[in-house]
Structures are given as structure tokens and as C-alpha cells.
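Take a look at the structure below.
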Amino acid sequence: MEGAQVRKKPIGVLLQDKGLINDGHIQLALQDQKVTSEKLGEILERLGFVSQYDVATTIADQDKRPYMDVDQVAPDETTLRLFNMTMCLNGNFLPVRREGDGELLVVSASDDVDSLERLVNQRTGLRAKIVQGERGKIQNSVQYYYYFLENPVEKLIEQEIRLLGADADGVRSMDTFISHLFQLAVKNRASDVHIRPMDLTISVAFRVDGVMRSMFSLPLSFKRLITTLKMRADMDIAEQRLPQDGSFSEVILNNNYDFRVSTTVCPFGENVVIRLLPAKGDFMGLQQLGFFEEDIKRLKQIFNEPFGIVLLTGPTGSGKTTTLYAAVRTLDLTRKHVLTVENPIEYRIPLIRQTQINDRAGYTFSSAIRFFLRHDPDVILVGEIRDGETAHTAVSASETGHLVLSTLHTNTAVGAIPRLRSLDIPSFMLSDTLAGVVSQRLVRRICPTCKEAYRPSPAELKYLGDETIEALYRGKGCEACHGTGHLGRTLIYEILRPNREIRAQIARDEQMDVILKTAKRTGFRDVFASAVAKVKNGDVSVAEVVRVLGY
């Protein structure tokens, strides 16, 4: 086959041809290979030089095969039953659905395409329509879909609720129910589980893609669920007057998760919020996060400045740290010494020296920066600037020839300037060191499975500021998106890169509106403009932009 001949070209060469890695990356990977005997592509991924997305799309380009994100598909149950979990894991593929002309859509990361085509034909009598996917995502999706195919967790929860409800003496353990609850959260891609005591019931809700979703209600007799969770999180179960924080870890579908538990005392009892954090997060590139191609070039220039301070701003949970790491991975980590101080460490990259704050030991953001200056750094990543001491230390470090990356809580990119002034950073220092600011929000994507076009209303056209738009898009709701019409999230953002005129205005203590006017005159595009662009290309609905940005 022609595709098989192209595949014989080493993956390292393919990635290098695409400009994703250089000779230094390959040389270091080959040095590791002598010790670990791993495949070169796996080493490049482990060291953070490339992502599985980079590898998958590179192979797809070479084999002239489409790429498909398995997170954006929902396999048909009938199709799944034509195979089994072991077969799919060993073959590194996920069967999706039957398509026209006797084809079966299959997402694969297999090197042996011929064997996969024969297997599909033997099992189904259909021709395999193979699209390229990411190895890790396919493995996780296979385990996920086949587990829930054989274990309908919604019915298991209903059954456990009946058994616990009939247990008048409270002898039955809550562990099985809690296990099913977390499995349901993973199935729904929830980031948080909320347990909310009411006057007559206990409400259970999930936060999915940034939006709360009520799942089911429990009788008041289930209040011992809260006690069990507090025990797991190593909290004081006797304390029911003050808020508490705790954590624990658990394995769900062969993946490790960290659970951060927080309680708040309310009139009807203790409210519990549990944050689900996969212990191993997938690396994402700037393109995957949702940055436009022309803006990726600008970001790479900003993050490759030799010195200065670069800030990511936005509300809590807007993906600032994820963007920071995506940008850091564009640096040549074989030639730059990168040190981080975080709370906690969210992504682990072997070539980056990562540390975690320890307030009890006196290891804070500001003290870490001072220590780092003795370690010959090129780049310093500070998890968050939240006080004057950290701000001063970070800006001072950027003045001494280092690139400092951090996050800040402001609503706009220009808003970072008065925020740093409020932390007593002199305007002349800010003017001299500010290399760039990215302000971002997360918005839900329209589900690709049930996306439909419609004629926009006059109110929508007025909101978007473009009367020429003939069609917009929305999701009808389907099994893939659990009826919401949305699946996954993308970024809307704005990028401020101060030029000489803006630096002079910062030094003169000009107001935000003056600086913003200058920025727009020189090509600055605000967050609403990026949102409109994503509405027009069918990624995001108007209703979702209104939800996140308002009117």
C-alpha cells in the first residue's frame, strides 16, 4: 500500500519535517532510548517535546488519512458489540458506527492497517473506513465505552439507592454508592460533584464543561454520605460548624484521580463540593486549545522573548495554567533551563524543574523566585501572582534578564496593568518588563454529532454586529452530548503585546481606556471579537457567548 510505504519514514524525521522538533530533541531522545528501549515517538511524548495529537496528525498527513478526536464521537452500541474490549485494546482501535456503502468507521492508532482492515471485514463483513486517532485517547475510550456498555452505572446507582434506603439500621456501607457516583461523574466528563442538602432531599449535581447539571435527588437519610466523604478526605467528622478542606485519591477505570473535597456549612447541613482531577493530564497544544493560527505565531514570539513578564489572566477555571504549559512546550527545552513553582503541580514534564509551594515550610511563590535566581534559570514559571511581594519578586526577576510566566486574576488583558499597579508595581518597571498578556475564557463547543444550521434572528445579528450572516449553528442534543447540544470546550481570548507607544502610556500612568484605544488602533482584537469569529465558523453558539460574556 502507498500509505504503508510512507509510514516507513521514521517518526522522528516526520516530526522534524513538520517543524515540531529539532536535532537537539532527537539527540536527547536517542540518549534516553539507549536506557529505556522505548519507541522514539513515545520518548518524544514523555519528554514533552510533542503531544500524542502531534504524532497522530503527522501520521494522518503522511498516510493521507483523516484525523478524528475520539473525545468528539460517541460509538454506536451495536457497533461496539461486534468486537470486545481486549480485541480493541490489542489492536489499538475504536469502532464507531456503520456508514453508507458498506463501511464501518474505525478510529485507530495501529501501525498494522492491513491487519485491522482484515479483522473488521471478518467480524462485520464491512469495509473499514480508518481514521487516525491518538493512542492514549483510544485506549482510554475503549475501556470507558466497554465498561459502561457492560455496567450501566445509572441503573447500578438506582439499585444501590434502593438497597441503602431499605437499610434502616445504617449497616450497609456507602462505599459502593460512592464508587458508582464517581464513575457516573467520569462518564459525564464532570469536573466537580456537588452534594447539596435541601429541606426535604439531598441534591446531587455535576459541573460539566463549566455548567451545573442536576443529576438526581437522595432522601435525607443519606446524610451519612457526607460523613463518609469527610472521613475519606481526612476531615474532622465532629466539626460541623466550620468549612473544611481535604483530599484523597482513587482509581477509576484504570486511571488515577485526585479528589479535592471542600465543605461549607449551610442552613440544611454541610454542602460538599468534590473536584475531580486526573492524576495524569494529557498535554495539549495551542491549536488544540482553540487559538487561531495567526495568534499562535504571535504567542510563540511572546513566549520566546529573552526576558520580561508574560501573564495569563481570566477567572478561576478558565484554563490559564493549561495555556501556560502549552506555550512552555513551544520552547526549546533542550537549550533552556525552566523552573516552576506551582500549587499544585498539574502537568509533569521531565525536562522542566517543577516545585510545589509549602507554606508551612516557608516555601512560597515569592521565596521560590529568590531561590530560583541562584539556579541559572532562563524561564521562571510562577503559578499565580496574588500579592504584592510575589508581584515585586516576579517583576524584579524579569528585570534581571529572565522570562517570567505567571497568572493573574483580571477580566481583561489591559486590566492586568492597573491590577499590577494596585500591587505597588511602579509604572516605569511595568513599562520596561511587560512582554505580553493573554486574557481568556472557556466556552462550550457545539456538539459535532448533532450540530444543525439555522437562520439567525435579528437580535442575534445585532448582538454579533454583522447583519450579513445568513446561517448560524447550534446543537440539537444527542446521546454523545447527553442532550445538551455541547461537547467539550474551546477558548475565546485576547492578546495584548505592548509596543513602544503603549509602553510610554504605561510609564505615564495613562488610564485603561486610553491604552485600550491605542491597542485597538494597532491590531488588538478583544475577547468578544474572537468569540464572534468562532460563532461564524460554527464552533460556538450565540447563546453560549451570551452565557459567558453577557450582553
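Quick note: numbers below take in every heavy atom, side chains included, and nothing from hydrogens, waters or symmetry partners. Keep in mind the model is a prediction, meaning the values are calculated, not measured.
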Query raised in the report: When you look at Asp69 and Gln288, which way does the side chain to side chain contact (heavy atoms under 4.5 Å, CB included) test go after all the steps?
Result: CA-CA 10 Å; Asp69 184 353; Gln288 286 175 279; 6.0 Å; no

Report task. State, without any angle test, whether Thr58 and Asp61 hold a side-chain donor-acceptor pair at a distance under 3.5 Å. Result -> no

Requested in this report: Assess Lys534 against Phe292: is NZ or CZ under 6.0 Å from the centre of the six-membered ring, and within 45 degrees of the ring's axis?
Outcome: yes

Report summary line: Note: Val131 and Arg65 closest approach over all heavy atoms is CA-CG, 4.0 Å

Query - Any donor-acceptor N or O pair under 3.5 Å, side chains Asp332, Thr334 - result: yes

Report task. Might you confirm whether atom CZ of Arg348 has over 12 heavy atoms from other residues, nucleotides or ligands at distances under 6.0 Å? Result -> no

Report task. Please determine, by modelled atom types, if Tyr363 and Thr355 share a side-chain donor-acceptor pair under 3.5 angstrom. Result -> yes

Query raised in the report: For the side chain of Thr330 and the backbone of Ala326, is there at least one donor-acceptor N/O pair under 3.5 Å apart?
Result: no

Query raised in the report: More than 12 heavy atoms of other residues, nucleotides or ligands under 6.0 Å from CG of Asn256: is that the case?
Result: yes

**Report entry** Test: Arg503 and Glu501 ion pair at under 4.0 Å
**Finding:** no

**Report entry** Sub-4.5 Å side-chain heavy-atom contact between Thr412 and Thr313
**Finding:** no

Query raised in the report: Is atom CZ of Phe307 surrounded by more than 12 heavy atoms (other residues, nucleotides or ligands) closer than 6.0 Å?
Result: no

Query raised in the report: NZ of Lys300: more than 12 outside heavy atoms within 6.0 angstrom?
Result: no

Report task. Would you check if Thr433 and Ile425 make a side-chain contact, meaning some heavy-atom pair closer than 4.5 Å? Result -> no

Report task. May I ask you to say whether Glu494 pairs ionically with Lys520, meaning some side-chain N is under 4.0 Å from a carboxylate O? Result -> no

Query raised in the report: Looking just at side-chain N and O atoms, do Asn254 and Gln143 make a donor-acceptor pair shorter than 3.5 Å?
Result: yes

Query - Sole candidate of Glu38, Lys39, Gln52 that passes side-chain contact (heavy atoms from CB on, under 4.5 Å) when paired with Glu45 - result: Gln52

Query raised in the report: Does atom CE of Met512 have more than 12 heavy-atom neighbours, drawn from other residues, nucleotides or ligands, at distances under 6.0 Å?
Result: yes

Query raised in the report: Within a reach of under 6.0 Å around CD of Gln511, are more than 12 heavy atoms found that belong to other residues, nucleotides or ligands?
Result: no

Query raised in the report: What class does the angle between the rings of Phe182 and Phe248 fall in, given that below 30° is parallel, 30 to 60° is tilted and above 60° is perpendicular?
Result: tilted

Report task. Check whether any side-chain heavy atom of Leu420 sits under 4.5 Å from a side-chain heavy atom of Leu408, and report yes or no. Result -> yes

